[in-house]
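All remarks here apply to the structure that follows.
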Amino acid sequence: MAGDSFFDEQTEQSLIKARIVEKYLPAWAKVIIPHAKKGGSQIAYIDLFAGPGRYGNGSKSTPIKVLETAIADPDMRNMLKTLFNDANSQYTNSLQSAINAIPGIQTLKYQPIVTNLEIGKNTIELFDVPTLFFLDPFGYKGLSLQLINSFVKNWGCDCLFFFNYNRISMGLGNTAVEEHINGLFGKTRADELRNKLKNNSNDRENLIVTYICESLKEMDIKYVRNFRFKHEKNQRTSHHLIFVSKNFKGYNIIKDIMAKESSDQNQGVPSFEYNPAKYIQRSLFEIPNPLDELEQMLLDQFAGQTITMIEIYLQHNVGKAYIKKNYKSALKNLEFQGKITAEPPANQRPTNKGEITFGDAVRVTFPPKQ
């Protein structure tokens, strides 16, 4: 089967992908569980392209690490339902054996469900509870806007999926897979993208990723954040891990997690990519001096306003590569340059490790536009 060699040995790419999911699951659960307890419900994790559970060299894949995380947490141990699916029966047999061998697996109140269905041809019976979905298809078959939207339509449901840039890029010009590509972007947007790519080959990746993110947002999915993976050998982009949610809190959490997994920062602004190069190539999406750009954006957008730091962050950060600490750095720089005033001012605010802080409640006054 195509793609079988993927599970021979765990790459750094797959390790980072798994780590992002592993970090997000308990953070998501911590937010959702108190609400679920009040409503007397459970929470769930569903992986529709789960793989065999372990790589050929014995390394644990995401399903095993997710279950180990659940076993270690008392609330998840009693509240988390899990479903792992793969169309390859050899994978599901291997996965079931790997699950059975996990120490403490019997302590889970809800034992994992393993299914062997082809997504797109069969309907998965989902749990009617807040659910974190993870989709890691080898290509794009079975992945569609409608599928993703159906996952996140209810409260507390978020989704992380692997967007196979290489295969999707090739598929956009292949009439044999037109139906699958149309399902992923929506037919109107897919046709629009095909036409643009004829004359914008140099901007191909940016166009494709922008179109999938905009297609998701058009379905009332407000919060979309992507993380790029580069090939370890040829430095081309292989995949994007894309997070979608209708809740800002989840978006805020995943941005911090992805920022920490980024292989590079420019002026303290994360690249939101894994780049294994010994030297850091300039990112396709990278602004030359991103913190300087942020300072100017804030002066323009909030001209003439008096507003708190946290309100600035909440109103401005969605859809941008900046995290909370970047806003604090930018505002401190602007204050130091005398371009804004802050209340309380720098000399009246506490310090942390010798640096003046810029708390969430600090009120900032921006000058009017000149």
Side-chain angles (χ1 to χ4, degrees), residues 18-48 50 62-85 99 102 104-115 123-135 146-161 216-217 219-225 242-260 308 310-311 313-315 317-318 323-324 359-361:
R19 200 155 61 214
I20 290 172
V21 177
E22 291 162 42
K23 287 180 178 180
Y24 187 70
L25 174 64
W28 168 83
K30 187 176 180 180
V31 173
I32 301 298
I33 282 174
H35 299 278
K37 282 181 176 179
K38 289 178 184 177
S41 71
Q42 295 80 40
I43 63 172
Y45 174 88
I46 294 178
D47 183 341
L48 295 184
T62 308
I64 306 305
K65 292 183 178 182
V66 161
L67 291 170
E68 288 178 340
T69 299
I71 290 167
D73 182 273
D75 281 332
M76 280 198 279
R77 204 160 53 227
N78 290 317
M79 295 182 69
L80 183 69
K81 294 182 172 182
T82 54
L83 185 152
F84 301 98
N85 178 75
I99 289 173
I102 299 173
I105 191 66
Q106 294 302 323
T107 65
L108 293 177
K109 182 176 179 179
Y110 303 100
Q111 289 299 295
I113 298 169
V114 178
T115 57
T123 302
I124 296 282
E125 189 171 338
L126 306 178
F127 304 116
D128 189 22
V129 298
T131 303
L132 176 61
F133 294 88
F134 179 51
L135 312 177
Q146 284 71 26
L147 182 71
I148 295 166
N149 189 49
S150 70
F151 289 161
V152 299
K153 66 181 180 181
N154 295 326
W155 180 85
C157 293
D158 293 342
C159 179
L160 281 152
F161 69 95
L216 289 162
K217 289 175 184 176
M219 303 191 78
D220 198 31
I221 299 172
K222 294 182 180 179
Y223 305 106
V224 181
R225 177 66 251 175
I242 300 180
F243 170 84
V244 295
S245 178
K246 293 189 175 182
N247 188 284
F248 175 75
K249 192 168 283 189
Y251 176 79
N252 192 41
I253 291 169
I254 201 69
K255 276 186 81 172
D256 282 341
I257 291 171
M258 288 179 170
K260 289 182 175 68
T308 63
I310 192 62
E311 289 171 329
Y313 172 69
L314 293 175
Q315 289 185 32
N317 88 95
V318 176
I323 56 176
K324 196 174 181 182
D360 289 358

Determine the minimum heavy-atom distance between A50 and P63, stating which atoms define it.
O-CG, 3.6 Å
Taking atom NZ of K217 as the centre, does the number of heavy atoms from other residues, nucleotides or ligands within less than 6.0 Å exceed 12?
yes
What closest approach, in Å, do F134 and V21 show between heavy atoms, and which atom pair accounts for it?
CE1-CG2, 3.8 Å
Take Y313 and N252 through the test side-chain contact (heavy atoms from CB on, under 4.5 Å) and record every step on the way to the result.
CA-CA 11 Å; Y313 172 69; N252 192 41; 2.3 Å; yes
Once rounded to the nearest 0.5 Å, what's the spacing between atom OG1 of T62 and atom CZ of F84?
9.5 Å
Measuring from I46:CD1 to L135:CG, what's the distance to the nearest 0.5 Å?
9.5 Å
Please check: side-chain N/O of R77 versus main-chain N/O of I71, any donor-acceptor pairing under 3.5 Å?
yes
Roughly how far, to the nearest 0.5 Å, is NZ of K246 from CG of D220?
5.0 Å
Would you check if P112 and L67 make a side-chain contact, meaning some heavy-atom pair closer than 4.5 Å?
yes
Between CD1 of I43 and OG1 of T82, what distance do you get to the nearest 0.5 Å?
10.5 Å
Distance (rounded to the nearest 0.5 Å) between I32 CD1 and D75 CG
13.0 Å
Does this structure show an ion pair linking K324 with D256, if we count only N-O contacts that are shorter than 4.0 Å?
no
I'd like to know whether I242 forms a side-chain contact (heavy atoms from CB on, under 4.5 Å) with L216, so could you lay out the CA-CA distance, the side-chain angles of the two residues, the decisive distance to 0.1 Å, and finally the verdict.
CA-CA 10 Å; I242 300 180; L216 289 162; 4.3 Å; yes
Heavy-atom nearest pair, A72 first then P74, reads O-CD, 3.8 Å
Between C157 and P130, the two heavy atoms sitting closest are SG-CA, 4.0 Å
Does N317 offer a backbone N or O that forms a donor-acceptor pair with the side chain of K255 under 3.5 Å?
yes
Take I253 and V31 through the side-chain contact (heavy atoms from CB on, under 4.5 Å) test and state the conclusion after the steps.
CA-CA 10 Å; I253 291 169; V31 173; 4.0 Å; yes
Can you tell if the side chain of L25 reaches within under 4.5 Å of the side chain of M76, non-hydrogen atoms only?
yes
Return yes when atom NZ of K222 has more than 12 non-hydrogen atoms of other residues, nucleotides or ligands closer than 6.0 Å, and no otherwise.
no
Give, for atom CG of L126 and atom CZ of F151, the distance between the pair rounded to the nearest 0.5 Å.
5.5 Å
Hey, which of Y223, Y24, W28, Y251 is the one that makes ring pair (Phe, Tyr, Trp, His ring centres under 6.0 Å) with F243?
Y24
Do Q42 and F127 have side chains that get closer than 4.5 Å, going by heavy atoms?
no
So, the side chain of T131 versus the backbone of F133: is there a donor-acceptor pair under 3.5 Å, distance only?
no
So do the side chains of I20 and I254 get within less than 4.5 Å of each other, counting heavy atoms only?
yes
Among D158, I221, L160, find the one that has a side-chain contact (heavy atoms from CB on, under 4.5 Å) with V244.
I221
Taking Q111 for the side chain and I105 for the main chain, is one N or O donor matched with an acceptor at less than 3.5 Å?
yes
